[in-house]
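I have placed the structure first, in the form of structure tokens, so that the comments after it can refer back to it.
Note that the structure is a prediction, hence the values are computed from the model and not measured. The sequence lines fix the lettering, A, B, ..., with proteins before strands; numbering per chain opens at 1.
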There are 2 protein chains.
Amino acid sequence: MRDEGGHAGVAASCRPITDILTRVGDKWSVMVVILLGNGTKRFNEMRRLIGGISQRMLTLTLRGLERDGLVTRTVFPTVPPRVDYALTDLGRSLLVPISALGAWAHGHRDAIDAARLAFDARVDANAAQDS
Amino acid sequence: MRDEGGHAGVAASCRPITDILTRVGDKWSVMVVILLGNGTKRFNEMRRLIGGISQRMLTLTLRGLERDGLVTRTVFPTVPPRVDYALTDLGRSLLVPISALGAWAHGHRDAIDAARLAFDARVDANAAQDS
DNA sequence: CAGTATCCGGTCGGATACTG
DNA sequence: CAGTATCCGACCGGATACTG
């Protein structure tokens with residue numbers, strides 16, 4: 001019982017993981033979660049803090065996180081309107097493994113950059129040889 | 001020093017994390033890494049085990065992981081050709097936070113599904129009201 | 001067996017304009 | 001302020017055909 005016995009169950013057992021990773025692995029979700037990790041924020045406040053995200057994408061990202069129960073959206077019926085976003089308990093619990101992955105990414109950043117440079121150099125060398 | 005002081009540094013500090021997550025958050029990378037996590041595999045062997053991935057995507061996924069120094073590719077100049085894929089030390093170290101995230105995903109799967117159902121029901125109810 | 005090459009539909013995400 | 005609506009280019013990923 002090591003790696004054999006894999007009919008199609010491998011894909012099935014990874015489905016939830018991949019599912020989460022595609023939610024959190026998109027262009028902005030992690031940044032939003034981490035940002036909300038240190039406090040409630042308003043819409044345009046996040047927009048400014050992130051700097052580079054479009055209105056549309058911030059809305060879509062927040063809606064996705066809200067749908068998954070990671071973020072709450074609180075509307076104050078004032079004028080001008082005010083909407084607060086915050087992490088739920090579920091969202092805060094996600095912060096733990098996300099931070100672990102973040103720490104890994106930060107810690108191995110140089111190694112990855114070096115690997116990329118080496119790989120690209122090797123590819124370029126091969127391409128030049130095929131002239 | 002809590003959440004203020006964010007000019008544009010938030011995006012910068014999340015760049016490596018997002019970078020890793022877009023690599024690992026694509027459709028197949030996690031599955032491939034976990035699969036290689038319990039041993040060296042050959043190309044078509046992985047293709048069968050994953051079941052559902054196209055030849056093209058498996059190639060691209062493996063090339064990406066190889067480029068980042070997470071996977072090694074060993075070609076045996078035999079006939080028919082044989083190519084072995086395995087995790088590097090870096091790749092194995094990634095397995096740790098990935099597994100943590102996997103455990104989180106697995107553990108909170110029901111909560112997320114429930115949140116989605118509730119959210120969709122709420123949206124449907126609002127849509128019906130706007131008839 | 002282990003790829004590469006090409007085509008092509010679907011989705012992601014930015015830009016812009018408009019609204020309560 | 002906090003969105004929605006629309007358009008559109010870029011990229012992702014599957015299907016298919018071909019190769020050493």
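- Residues in residues 93-114 of chain A take part in no salt bridge (charged side-chain N to carboxylate O under 4.0 Å, His left out) pair, two or more places apart or across chains.
- Rounded to an integer number of Å, the gap from CG of B:Leu49 to P of C:dC1 is 14 Å.
- Look at CE on B:Met46: it is 14 Å from C1' on C:dG3, rounded to the nearest Å.
- A:Arg23 places no side-chain N or O within 3.5 Å of a backbone atom of A:Leu65 that could act as its donor or acceptor partner.
- Checking side-chain atoms of B:Thr88 against main-chain N and O of B:Gly69 turns up a donor-acceptor pair under 3.5 Å.
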Return the polar atom pairs (N/O with N/O) between nucleotides 15-20 of chain D and the protein under 3.5 Å, or none.
none

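- Note: CZ (A:Arg73) to C1' (D:dA2) measures 8 Å, nearest angstrom.
- D:dC11 atom C1' lies 11 Å from atom NZ of A:Lys27, rounded to whole Å.
- Within 4.0 Å (heavy atoms only), A:Tyr85 reaches sugar-phosphate atoms of the nucleic acid but no base atom.
- Counting to the nearest Å, the C1' atom of C:dC1 and the CZ atom of B:Arg48 are 10 Å from each other.
- Look at CG on B:Leu62: it is 11 Å from C1' on C:dA2, rounded to the nearest Å.
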- Secondary structure of DNA chain D per the Watson-Crick/G-U criterion (both distances under 3.5 Å; [ ] crossing, | other strand, . unpaired) is ||||||||||||||||||||
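- Between the CG atom of A:Leu60 and the P atom of D:dA2 there is a distance of 17 Å, rounded to whole Å.
- Ion pair A:Asp68/B:Arg116 flagged as a salt bridge, since at least one NZ, NE, NH1 or NH2 atom sits closer than 4.0 Å to an Asp/Glu carboxylate oxygen.
- Using a distance-only test at 3.5 Å, with no hydrogens or angles considered, no donor-acceptor pair links the side chain of A:Ser99 to the main chain of A:Gly102.
- A:Asn126 places its CG atom 14 Å from the P atom of C:dG3, with the value rounded to the nearest Å.
- Distance from the side chain of A:Val83 is smallest for D:dG3 among the nucleotides D:dG3, D:dC1, C:dA2.
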